[in-house]
Amino acid sequence: MVGLEYEQLLPYALPHENADKAFRVIPGDFVTTEDGTGIVHIAPTFGADDAKVAKEAGVPPMLVLDENGNAVPLVDLQGKFRPEMGEFAGKFVKNEYYNKGEEPEKSVDVEIAIKLKEENKAFKVEKYEHSYPHCWRTDKPVLYYPLDSWFIKSTAAKDRMIALNKTINWKPESTGTGRFGNWLENLNDWNLSRSRYWGIPIPIWRTEDGAEAICISSVEQLKSEIERAIAKGLMTKNPLANFVVGDMSKANYEKFDLHKNYVDEITLVSASGKPMKRETDLIDVWFDSGSMPTAQLHYPFENKELIEKQKLGVADFIAEGVDQTRGWFFTLHAISTMVFDNIAYKNVVSNGLVLDKNGQKMSKRLGNAIDPFQTLDKYGPDATRWYMITNAQPWDNLKFDLEGITEVQRKFFGTLYNTYGFFALYANLDGFKYAEEEIPLEKRPEIDRWIISKLNSLIKEVDAAYETYEPTKAGRAIQDFVNDHLSNWYVRLCRRRFWKGDYSEDKIAAYQTLYTCLEVVAQLSSPIAPFYADLLYTDLSKISGKGNTTSVHLSDFPLANEKAIDLDLEQRMEIAQKVSSMVLSLRKKEQIKVRQPLQKIMVPILDATFKRQLQDVADLVLSEVNVKEIQYLEDTAGVLVKSIKPNFKTLGPKYGKIMKQIAAVVTQFNQNDIQNFEKNSGAKLTVEGEEVVLDMNDVEIITQDIPGWLVATEGSITVALDITITQELKEEGIAREFINRIQNLRKDSGFEVNDRISLKILQHSEINEAIIKNKNYICSETLATELNLVEKLEQNNGVVVELDENVSTIMSVEKV
RNA sequence: AGUCCUAUAGCUCAGUUGGUUAGAGCGCUACACUGAUAAUGUAGAGGUCCGCAGUUCAAAUCUGCGUGGGACUACCA
């Protein structure tokens, strides 16, 4: 059908040029036969694709000559049909363009459809809802309209822009290579013209016929061009008369106004003496944003050296919403490439959007928008920032939920505050000011060296995360450290060290260690929680005089001390944590309170390393789970029940196809087979007629059970707990119950933590022995100077305490 | 329509080069602790890793086609 001519459907007007080439069938690859007839009526005047195919086929656009002889479309700038359009002339092309209430019953669309139907030119009439762009303010449909524009020929710099972009560190990388990279690959010239009122006027003056033009590049030049125009009698006075050339002061530049309404009054004179008027449009505001880095320094009139030699206009880092790909990110890059042949920014984070908690865009209309000022007032800037940074990576969309901030307050800031509060309580009591010499690490206990090792590992991790623009990883690492390691393990296990006993070296070590942790945490957190970190840091430094006492933000970022990092120590502490949690879980299963001491736990030894590591932390584990001893079980004559599991990672590459069958055979191994396997450090099998050689690396053997004992297994570690409670253990348990009750009483009575007391306890057959045997223990734990078992104690002189469901007695606590 | 991001427990998120019991926090349930106490700890329940197909001995992970959510650019019968 291509080339076929047809009769004009609505013969009101003809194109002013080449009308004979119009009204033909032409090919276009954007039209498919899937929809409709496969034939589309195009409008080269109103659509880019249409204009393109029409131009290629030599079809003229439907432009007519107006009263002044200018070629114009059949629709005017108000959106009304021109006079050529017969009965439609003067009507708006969209009903939405009429003032409210003035719109006709039938829109022009409908009228045209009726007309075509009546003339028997319409085969079928359907309603079709365009996914038309609408004005964001008035919601009316937008009319695309051909306008004359000034362009920057950015396509000429395309290759340089692509090359330079590859040297920019994009976060995330895919936005740089994908979205932004693709955008550069398909670059169009930059349309600079905008029909607005406020903005920078395009500094181009042209003669009426457009043959001569001048582009003004400075106020100085404009002033002298005006002088020329005055000399030719085109202007009477110079609005820039008071501007002093070479005076870069602000006052000098405020002597005039370069806004559209003023500069449009200026007429210049062309080389041949004709008057020139300014082009009416303004410059795309993105040009302002893109030239900001150098324009703010008044380049090229000032600071030439700084910008051209020292590259002051190149930012280390910028961040904006990912929707700025075509906005800020592009114009910065385009201008910098074209003017300086350089990048405008070294690192760029294109951050995602803040959505509501259901993942919907926030909008005032939907009422799901969060008021940032209210939020900051209520939750504080630090908790809000911490939540936003740690909850989602900056380039992911954030589902903003106020409850998430509450959680951050509780979990992170609350824990950190409590940890500091704990430190401050005892440090103040003991007058700790970090005045003593730094106790060398090797003289500090294992647990101190462990948390210091963890701390230094954290410094490395956080530093690397910030360095690579990964603040989310940094924040999460910090909060994991504070919650899991510092608070939940270090402080919890070390509590006694802070309040028990004299101001000894061990105590000072504990203070120094915890001080250091808090100080470094404050420094590491300061980029995300600037206010909280500053207070925490200065509260510490003002007392100790260490570091910068003015602000955390003036202190040097901590450097990791590699020598303090002991990965083996970190590993053994992990074992300690795991074993402790397993024992506690066994206690729980058996309903044996932690306060009840037990005799021993047994742990099968996997290898020499494991044994050594466990031995090093045995004391910590024992005190944590309140057990007297730990027994290491070497594998002796099949006492342990083991299980074997094939290691897919090593076997896969070797025996791919028969993997499943090997796994089936190995899993079927009985205790004897496993023992033989261990004895021979491997085994030979025949699977599917193929010989299979397995060594110790190809399987994982773990202890599954220790017959006769209560056992827990997690990963490769197995723990058995002896739950026999002897008379002695029971008595010690009772003593501990007593200590607990006494401590409660002390607190209820409002005693200070270092007050000494005197104790009286009413005799009771179930407890006498326990108290007598553990008298010293009870006294030292409760700071009691004397403890008497008495025969008589009136209830109004003491307090009834219940130790067990059916054992209770009366006790009195007095300050001495 | 194209390009890009994204989908894992009720919620918010981890999950290394593919490797066999998929993790954490919150929430929920139960309990413990009581010299961090408006604090803390432990345990338990909870999963179609969005769907389908493919590659592979093996897929949350790799490929393709879809679906939902989001962003931009363009077009629009």
Side-chain angles (χ1 to χ4, degrees), chain A residues 30-32 34-42 47-50 126 128 130-133 144 172 174-175 177-183 185-186 188 321-327 350 352-353 355 357-361 387 390-393 395-399 401 403-404 406-407 410-411 414-415 417-423 425-426 472-473 476 479-480 483-484 487-488 491-492 495-496 498-500 580-581 584-585 587-589 591 593-595 645-663 715 740-741 743-744 746-747 751-754 781-783:
Chain A
F30 58 89
V31 179
T32 67
E34 323 268 294
D35 283 317
T37 59
I39 303 176
V40 182
H41 203 163
I42 63 166
D49 267 13
D50 292 3
E126 270 183 278
Y128 180 85
H130 280 204
S131 60
Y132 220 81
Y144 281 107
S174 58
T175 299
T177 53
R179 189 190 285 199
F180 194 69
N182 290 338
W183 162 255
E185 296 284 348
N186 303 318
N188 289 319
V322 68
D323 53 337
Q324 290 304 331
T325 312
R326 275 75 170 164
S350 65
L353 277 84
L355 308 171
K357 62 178 173 185
N358 300 317
Q360 296 300 307
K361 260 178 105 163
Y387 163 71
T390 56
N391 193 57
Q393 309 247 54
W395 41 89
D396 283 336
N397 288 345
L398 172 65
K399 291 178 193 162
D401 188 355
E403 279 180 41
T406 324
E407 188 180 323
R410 270 206 327 270
K411 282 302 286 182
T415 306
Y417 179 78
N418 280 319
T419 305
Y420 171 76
F422 173 82
F423 169 82
L425 172 66
Y426 295 107
T472 306
K473 282 186 182 165
R476 285 177 181 171
Q479 69 190 19
D480 286 350
N483 289 335
D484 299 344
S487 167
N488 183 25
V491 170
R492 198 157 55 80
R495 264 151 53 195
R496 284 178 75 87
F498 289 87
W499 54 263
K500 187 94 172 120
S580 301
S581 127
L584 290 172
S585 135
R587 275 184 172 273
K588 161 106 183 133
K589 213 175 276 168
Q591 311 245 35
K593 290 182 171 185
V594 181
R595 227 182 267 135
K645 217 168 65 175
N647 181 353
F648 285 80
K649 210 165 183 170
T650 63
L651 287 173
K654 283 188 270 184
Y655 302 106
K657 293 252 183 234
I658 51 169
M659 239 351 273
K660 275 202 176 108
Q661 288 82 338
I662 296 174
N740 165 248
R741 303 302 186 275
Q743 304 289 27
N744 286 348
R746 285 182 60 115
K747 193 186 275 180
F751 296 174
E752 295 299 321
V753 293
N754 47 3
E781 285 297 305
T782 59
L783 298 184

Distance check needed: [N] [atom2] versus [X] [atom1], whole Å only.
X       : N       : atom1 : atom2 : value
K411(A) : rU12(B) : NZ    : C1'   : 14 Å
L425(A) : rA39(B) : CG    : C1'   : 12 Å
D484(A) : rG25(B) : CG    : C1'   : 9 Å
F648(A) : rU56(B) : CZ    : P     : 19 Å
W183(A) : rC4(B)  : CH2   : C1'   : 14 Å
K399(A) : rC5(B)  : NZ    : P     : 18 Å
Y387(A) : rU12(B) : OH    : C1'   : 7 Å
D480(A) : rC13(B) : CG    : P     : 16 Å

With respect to the phosphate group of rA39(B), does any side-chain polar atom (N or O) of T415(A) fall under 4.0 Å of OP1 or OP2? no
Hey, does the side chain of R476(A) come within less than 4.0 Å of rU12(B)'s phosphate (OP1/OP2), counting only N and O? no
What is the nucleic acid contact for [X], judged by heavy atoms within less than 4.0 Å: base, sugar-phosphate only, or nothing?
X       : answer
T390(A) : nothing
R587(A) : nothing
R496(A) : nothing

Among [options], which nucleotide sits nearest the side chain of [X]?
X       : options                   : value
R410(A) : rU42(B), rA36(B), rG27(B) : rG27(B)
V491(A) : rA43(B), rA36(B), rG35(B) : rA36(B)
R492(A) : rU6(B), rC13(B), rU40(B)  : rU40(B)

Are there runs of at least three consecutive Watson-Crick or G-U pairs touching RNA chain B, with each pair's two distances under 3.5 angstrom? Give them by first number. B:1-7 with B:67-73, B:10-13 with B:23-26, B:28-32 with B:40-44, B:50-54 with B:62-66
